[in-house]
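Notes for the one structure printed next.
Below, chain A is the first sequence line, B the second, and so on; all start at residue 1.
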Number of protein chains: 2
Amino acid sequence: MVKILQNDTSPEKILAAAKKVFLSKGMAGARMQDIADEAGINKALLHYYFKDKEKLFEMIFSDASKQFFPKIAEIIDSKANLFEKIEKFCREYIDMLQQNPYLPLFILNEVNAQPLNFKEKFWKNREPVFLKFSAQIDKEIKNKKIKPVNPAHLFVNMISMCIFPFIGKPLWMIVSGMDEIQFRYFIEQRKTEVAQFIIESIKK
Amino acid sequence: MVKILQNDTSPEKILAAAKKVFLSKGMAGARMQDIADEAGINKALLHYYFKDKEKLFEMIFSDASKQFFPKIAEIIDSKANLFEKIEKFCREYIDMLQQNPYLPLFILNEVNAQPLNFKEKFWKNREPVFLKFSAQIDKEIKNKKIKPVNPAHLFVNMISMCIFPFIGKPLWMIVSGMDEIQFRYFIEQRKTEVAQFIIESIKK
DNA sequence: GTCTATAACTCGATAGAC
DNA sequence: GTCTATCGAGTTATAGAC
């Protein structure tokens, strides 16, 4: 029997297990024993492959941050008009978060815990995403395509409405009485609702 | 010398210290030693007054959740029109969060970690806030005061835009290049910006 | 009520057999 | 490469003096 995908070697099993445990419990809450159990191996092997807990955590965090910070630059640089870009961003970003619902809380907890560490290790030589976005908004205002709006607030509003529902999911399910299936449908709607809400607010 | 405010007894010092430490580090990250140091007393006294770490945490969480879940019902029940209610809510809620910036991440981490525990202990016999909000929105749509919108998305959008900036603060400061003073001004603006953004989107 | 000292336990990390 | 056994640091919690 030939293995098509090499996803069951020990390091791969460990990384998959570590991702699951760290994302749901965070650095401080996760136990090396939890990860070993999840991977179906024992603690010593974790240290054999990944030196210590911090190294293992950094691999997971590095990987997660690559997913979390979207390749928004290519959307902004594209030929599409602003409204199409907003629609595309909301749809694709919410879709990615739907597949990685623990990502936002995980990333934001770590950045809050160690902002300087994050800035040094993960925010060097990044695309100036916000500046590009801001420049495009200013241009659209100048050309009278949209109402005058503050780009910073617009950007934060968009990001907030995309991300927050995943952070607040359990709370919102209690408040609204939704079950898992209803919540899934709710998120499905948001892939278009959020962009529409923004466009209604800024269009002339 | 007469003590006007009894805020320096041991239990009070402990609660103040525990709030500070738990809100910034969370349950798993906080150390009883940190709390004792912050309160200027020793560890044994924590246990003398509050039995164990979990009991102390629950007192802080219970107190924090009372702040976090706004008395929105009285705003909804008031005579003001919908737009004034939205303005009032955003202004007052953002203002409260400005004074308690760690509150959202603290509450949401705990609810995510133990949703059932939260529901049992802290969500019994609560006002059906969302239902009231939803009913009012439906009424306004019927009376053709606002465009047809889905109340659930409108509610989540409003909450998202109020709360998320505090969860994402350190990240946003890195991305935007703001310093503390600029961020404070940014939040000050949001007290009116968020409501305006919503109203622009739903008004006829 | 407050302290010092220490017990009891959890957990990350290592040694060493196979 | 993988395991069992164990060490040692760090933490919660308690005992007991004052």
Return a table of donor-acceptor pairs under 3.5 angstrom between the side chains of residues 41-48 of chain B and protein atoms on other chains or two or more places apart.
residue	atom	partner	partner atom	Å
B:Asn42	OD1	B:Ala44	N	3.2
B:Asn42	OD1	B:Leu45	N	3.4
B:His47	ND1	B:Lys51	O	3.1

Worksheet entry | Whole-Å distance separating the CD1 atom of A:Ile14 from the C1' atom of C:dA13 | 15 Å

Distance-only donor-acceptor pairs under 3.5 Å for side chains of residues 20-30 of chain A, two or more places apart:
residue	atom	partner	partner atom	Å
A:Lys20	NZ	A:Glu38	OE2	3.2
A:Ser24	OG	A:Lys20	O	3.2
A:Ser24	OG	A:Val21	O	3.3
A:Lys25	NZ	A:Asp34	OD2	3.3

Discussion item. Per the salt bridge (Lys or Arg N to Asp or Glu O under 4.0 Å) rule, what does the pair list look like for residues 156-167 of chain A, sequence neighbours excluded?
Written reply: none

Practice prompt. Among residues two or more places apart or on two chains, list those pairs meeting ring-ring contact (aromatic ring centres under 6.0 Å, His included) that have a residue in residues 177-203 of chain B.
Written response: A:His153-B:Phe186, B:Trp172-B:Phe186

Mind listing the side-chain donor-acceptor pairs of residues 130-138 of chain A below 3.5 Å, one per line with the distance, residues two or more places apart or on another chain?
residue	atom	partner	partner atom	Å
A:Lys132	NZ	A:Asp77	OD1	3.4
A:Lys132	NZ	A:Asp77	OD2	3.0
A:Gln136	OE1	A:Lys85	NZ	2.9

Practice prompt. Check the distance between C:dC11's P and A:Leu46's CG and give it to me in whole angstrom.
Written response: 14 Å

Worksheet item: When every nucleotide of nucleotides 2-15 of chain D is labelled 5' to 3' by its protein contacts under 4.0 Å (heavy atoms), B for base, S for sugar-phosphate only, - for none, what sequence of letters results?
Response: BBB------SBBBB

